[in-house]
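Working notes, structure below.
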Amino acid sequence: MSFDGSRVVSSDEELIQNLQENNLLKRKAEDALFNRYIYFIKEGIKKYALQEDESFDAYSDTILHAIDNIRKGYFENRSALKTYLYRIFINKCVDVLRKKTTNRNSVHKTSSISDMLMLMADSAKTVVQQIIERTDMDVLSNKLQELSENCRKLLTLFADGYSDKEVSVLLEYKSADVVKTSRLRCLDKLRMLYNIKRDTDG
């Protein structure tokens with residue numbers, strides 16, 4: 001990334017050295033660092049299903065955090081600068097997802113179970129609609145408590161609008177496909193509690 005019309009930072013070492021200066025080189029080094037790995041933003045959108053502004057904020061926080069650590073001498077060159085930044089970025093992305101979970105759960109606590117479950121989409125929504133039509137909310141609440149903690153978490157996150165990809169990150173599943181399989185199994189268990197046949201979900 002160019003500092004001026006002719007000079008280019010050729011190594012991590014030079015970039016780090018310039019970030020520790022207190023002159024024009026520092027500002028240009030900050031800009032160079034930001035632009036060098038800006039493609040991380042797309043990674044945040046693709047891998048963690050973040051919105052563009054969320055991924056941008058995570059990346060911006062990453063750069064600010066890294067610059068602060070570099071200036072304080074905390075970066076010890078034990079890994080490549082790119083690797084170091086990417087680890088920070090991953091943590092920032094996960095923090096965004098966890099924050100969204102906390103916010104959604106806070107809203108969820110004030111909502112009825114029917115409100116939560118009616119947010120479900122696809123076949124799950126049809127199943128839950130059938131359950132709601134057959135029983136009252138107190139019974140539904142009890143039935144949910146009969147499921148495993150893992151199933152309750154899966155269904156709650158899904159009801160709150162999280163994608164399988166997001167859930168795989170939050171609950172540390174291997175992939176979104178594994179989450180989908182587990183979620184469908186949990187829905188089958190819920191069906192069994194209400195004796196709802198699988199072929200009625202459309």
Note to self: Side chains of Glu13 and Gln17, heavy atoms from C-beta outward: is any pair under 4.5 Å?
What the structure shows: no
Next item on the list: Kindly compute the distance separating CZ (Arg27) from CG (Leu24), expressed to the nearest 0.5 Å.
Entry: 9.0 Å
Check: Between CZ of Arg78 and OG1 of Thr83, what distance do you get to the nearest 0.5 Å?
Finding: 14.5 Å
Next item on the list: Determine, stepwise, if the pair Leu171 / Val179 fulfils side-chain contact (heavy atoms from CB on, under 4.5 Å).
Entry: CA-CA 9 Å; Leu171 299 185; Val179 171; over 6 Å; no
Notebook entry, point to check: Roughly how far, to the nearest 0.5 Å, is CZ of Phe40 from CG of Leu85?
Noted result: 6.0 Å
All N/O donor-acceptor pairs, side-chain side in residues 42-55, below 3.5 Å, sequence neighbours left out:
unit_1: Glu43; atom_1: OE2; unit_2: Tyr86; atom_2: OH; d: 3.1
unit_1: Glu54; atom_1: OE1; unit_2: Gln51; atom_2: N; d: 2.9
unit_1: Ser55; atom_1: OG; unit_2: Ile41; atom_2: O; d: 2.6

Check: Under the side-chain contact (heavy atoms from CB on, under 4.5 Å) criterion, do Cys93 and Ile90 qualify, and how do the steps go?
Finding: CA-CA 5 Å; Cys93 288; Ile90 289 175; 5.7 Å; no
Notebook entry, point to check: In Å, rounded to the nearest 0.5 Å, how long is the span from CD of Gln20 to CG of Leu15?
Noted result: 10.0 Å
Next item on the list: Look at atom OH of Tyr39 and say whether more than 12 heavy atoms of other residues, nucleotides or ligands are closer to it than 6.0 Å.
Entry: yes
Check: Would you find a donor on one side and an acceptor on the other, under 3.5 Å apart, between the side chain of Asp12 and the backbone of Leu81?
Finding: yes
Next item on the list: To the nearest 0.5 Å, tell me how far Lys92 NZ sits from Ser60 OG.
Entry: 11.0 Å
Next item on the list: For Asp164 and Ala176, work out which heavy atoms get closest and say how close.
Entry: CB-O, 3.7 Å
Item checked: Nearest-0.5 Å distance, CZ of residue Arg185 to SG of residue Cys151 -> 10.0 Å
Margin query: Test of understanding: with ring-ring contact (aromatic ring centres under 6.0 Å, His included), list the residues that count as partners of Tyr173, not counting sequence neighbours.
Written below: none
Next item on the list: Look at the side chain of Arg71 and the backbone N and O of Leu19, then say whether any donor-acceptor pair between them is shorter than 3.5 Å.
Entry: yes
Margin query: Please enumerate all residues that pass side chain to side chain donor-acceptor pair (under 3.5 Å) together with Asp57, with sequence neighbours excluded.
Written below: none
Notebook entry, point to check: Counting only heavy atoms not in Lys153, do more than 12 fall under 6.0 Å of its NZ?
Noted result: no
Checklist line | Any donor-acceptor N/O pair, Asp68 side chain to Leu64 backbone, under 3.5 Å | finding: no
Next item on the list: Begin from the C-alpha positions of Tyr59 and Tyr37 and carry the test ring-ring contact (aromatic ring centres under 6.0 Å, His included) through to its verdict.
Entry: CA-CA 9 Å; Tyr59 179 69; Tyr37 302 108; 8.0 Å; no
Check: Got more than 12 heavy atoms from elsewhere within 6.0 Å of CZ, Phe34?
Finding: yes
Check: Which heavy atom in Ser163 sits nearest to a heavy atom in Glu166, and how many Å separate them?
Finding: N-OE1, 2.9 Å
Next item on the list: Ignoring hydrogens and angles, tell me if any N or O in the side chain of Arg152 forms a donor-acceptor pair with the backbone of Leu147 under 3.5 Å.
Entry: yes
